[in-house]
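Notes follow the structure.
The figures that follow rest on heavy atoms only: side chains count, while hydrogens, waters and symmetry mates do not.
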Amino acid sequence: MKTIIYMVRHGDSPKTEGNERTRGLTDKGKTDANIITELLKNEEIDTFVSSPYTRAVLTIEELAQSLGKEVLVVEDLKEMMFSSEDKIISDKVLYPSLENMFSDSDFSLPGGESSASCQKRSVKILKEILRKYRGQKVVIGTHGIVMTLMMGYFDSQYDLDFLLHTSKPDIYRMEFNEEELIGVERMWN
């Protein structure tokens, strides 16, 4: 029985306000969330699950509401923890560290989490979703690194190079037979 997972990476988000958990979407991010609604509204989606971070929820919330569904928030789908606080990490700090994060799965920024740890917690949730919603279509509101680590668990081609070529937002339709990934299609242009 096939289960379809739509990985929806959040839209553009300001890195100047709030913290990692609370920052929302820019005007472009909000416009792109409308486009996501149009792209996915006829996909017959059963369930919506999201990271607890505001930008991830906001990116899929309009689509869920248009289909009369609620967004289930799951703490362990949050973005990789880059520090012990939820401070916003600038791209200037983050991007040079990405290579270390992906080449050494135990590497982490001071006080942060490693890619091995992040992958373990997020893949555990993805496997629970695949079991609980078997045969359904599920949207997951997610983040670039977490999405890449989850996809990379099932297929090693989803690596740092893949992450660096994704966009905000982005959509990947993943088809599973039980817990076996049998196909991926990018739906965002």
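Residue pairs meeting the salt bridge (charged side-chain N to carboxylate O under 4.0 Å, His left out) criterion with at least one member in residues 140-151, sequence neighbours excluded, do not occur. Sorted by first and then second residue, the salt bridge (charged side-chain N to carboxylate O under 4.0 Å, His left out) pairs with a member in residues 109-118 read E113-R121; sequence neighbours excluded. Listed by first and then second residue, the salt bridge (charged side-chain N to carboxylate O under 4.0 Å, His left out) pairs involving residues 163-172 are D170-R186 (not counting sequence neighbours). Annotation: ring pair (Phe, Tyr, Trp, His ring centres under 6.0 Å) contacts involving residues 110-151, sequence neighbours excluded, comprise H10-H143, Y53-H143.
Looking at K124 and D76, their side chains never come closer than 4.5 Å, going by heavy atoms from C-beta outward. The shortest side-chain heavy-atom distance between I5 and F176 falls under the 4.5 Å cut-off. Side-chain contact between I36 and N34 is absent, with no heavy-atom pair separated by less than 4.5 Å. Taking the side chain as every heavy atom from C-beta outward, T31 and K28 never approach each other to under 4.5 Å. Put simply, the side chain of Q65 does not reach to within 4.5 Å of the side chain of K69, judged on heavy atoms. The closest side-chain heavy-atom distance from I60 to V57 is not below 4.5 Å. When side chains are defined from C-beta on, V138 does not count as touching D46, because their heavy atoms never get closer than 4.5 Å. Taking 4.5 Å as the limit, some side-chain heavy atom of I4 sits within range of a side-chain heavy atom of R173.
What you find for V71 and A64 is that their closest heavy atoms are CG2-CB, 3.7 Å. In terms of heavy-atom proximity, R9 sits nearest to T59 at O-CG2, 4.0 Å. Listed here is the closest heavy atom pair of I145 and E79: CB-OE1, 3.5 Å. Nearest heavy atom pair, residue L25 against residue P14, reads C-CD, 3.9 Å.
By the rule that hydrophobic residues join a cluster once side-chain heavy atoms approach within less than 4.5 Å of another member, Y158 and L77 end up as members of one cluster. I129 and L67 fall into different hydrophobic clusters, defined by Ile, Leu, Val, Met, Phe, Trp and Tyr side-chain heavy atoms under 4.5 Å apart, directly or through other members. Residues M151 and L130 share a hydrophobic cluster, clusters being chains of Ile/Leu/Val/Met/Phe/Trp/Tyr side chains in contact below 4.5 Å. Hydrophobic clustering, with ILVMFWY side chains joined whenever heavy atoms are under 4.5 angstrom apart, groups I125 together with F154. Taking hydrophobic clusters as Ile, Leu, Val, Met, Phe, Trp and Tyr residues chained together by side-chain heavy-atom distances below 4.5 Å, L98 shares a cluster with M80.
Between L72 atom CG and E70 atom CD the span is 7.5 Å, to the nearest 0.5 Å. Rounding to the nearest 0.5 Å places CE of M174 at 4.5 Å from CG of L181. Interatomic distance, L160 CG to H165 NE2, rounded to the nearest 0.5 Å: 10.0 Å. The structure places CD1 of I182 at 4.0 Å from CD of E175, a figure rounded to the nearest 0.5 Å.
Every residue meeting the salt bridge (Lys or Arg N to Asp or Glu O under 4.0 Å) condition with K41, not counting sequence neighbours, appears here in chain and number order: E38. By the side-chain hydrogen bond (donor to acceptor under 3.5 Å, both in side chains) test, E75 pairs with R21, sequence neighbours left out. Here Y172 pairs with F162 under the ring-ring contact (aromatic ring centres under 6.0 Å, His included) rule; sequence neighbours left out. By the side chain to side chain contact (heavy atoms under 4.5 Å, CB included) test, L39 pairs with I35, I171, W188, sequence neighbours left out. Checked against side-chain hydrogen bond (donor to acceptor under 3.5 Å, both in side chains), Q119 has no partners two or more places apart in sequence or in another chain. In this view, E43 and Y6 satisfy the side-chain hydrogen bond (donor to acceptor under 3.5 Å, both in side chains) rule, not counting sequence neighbours. Listed by chain and number, the residues in a side-chain hydrogen bond (donor to acceptor under 3.5 Å, both in side chains) with R134 are E178 (sequence neighbours excluded).
For T54 and R23, the side-chain atoms include no donor-acceptor pair closer than 3.5 Å.
A salt bridge between E179 and R131 is present, with a side-chain N of the basic residue lying under 4.0 Å from a carboxylate O of the acidic one.
Of the possible donor and acceptor atoms, none in the side chain of S51 sits under 3.5 Å from a partner among the backbone N and O of G141. For the pair S50 (side chain) and P52 (backbone), a donor-acceptor distance under 3.5 Å is absent. In this structure, the side chain of T166 engages the main chain of L163 through a donor-acceptor pair within 3.5 Å.
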- Kindly indicate, with the supporting measurements, whether the criterion side chain to side chain contact (heavy atoms under 4.5 Å, CB included) is fulfilled by L40 and V8. CA-CA 10 Å; L40 298 180; V8 179; 4.2 Å; yes
- Kindly determine whether C118 and V146 satisfy side chain to side chain contact (heavy atoms under 4.5 Å, CB included), including the steps that lead there. CA-CA 7 Å; C118 182; V146 172; 3.8 Å; yes
- Task: Could you please spell out the steps behind the side-chain hydrogen bond (donor to acceptor under 3.5 Å, both in side chains) verdict for K127 and Y153?
- Result: CA-CA 11 Å; K127 287 182 174 184; Y153 175 84; 2.7 Å; yes
- Message: Please evaluate residues L63 and I45 with respect to the criterion side chain to side chain contact (heavy atoms under 4.5 Å, CB included), reporting the C-alpha separation (whole Å), side-chain torsions for both, the decisive distance (0.1 Å), and the verdict.
- Response: CA-CA 10 Å; L63 174 61; I45 295 161; 4.1 Å; yes
- Task: Show your reasoning for whether side chain to side chain contact (heavy atoms under 4.5 Å, CB included) applies to I140 and L126.
- Result: CA-CA 9 Å; I140 298 178; L126 179 54; 3.8 Å; yes
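Annotation for E185: atom CD counts as buried by contact number, over 12 foreign heavy atoms lying within 6.0 Å. Counting heavy-atom neighbours within 6.0 Å of K137 NZ, excluding the residue itself, gives a total above 12.
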Return a table of donor-acceptor pairs under 3.5 angstrom between the side chains of residues 100-110 and protein atoms on other chains or two or more places apart.
residue: S103; atom: OG; partner: E99; partner atom: O; Å: 2.9
residue: D104; atom: OD1; partner: D106; partner atom: N; Å: 3.0

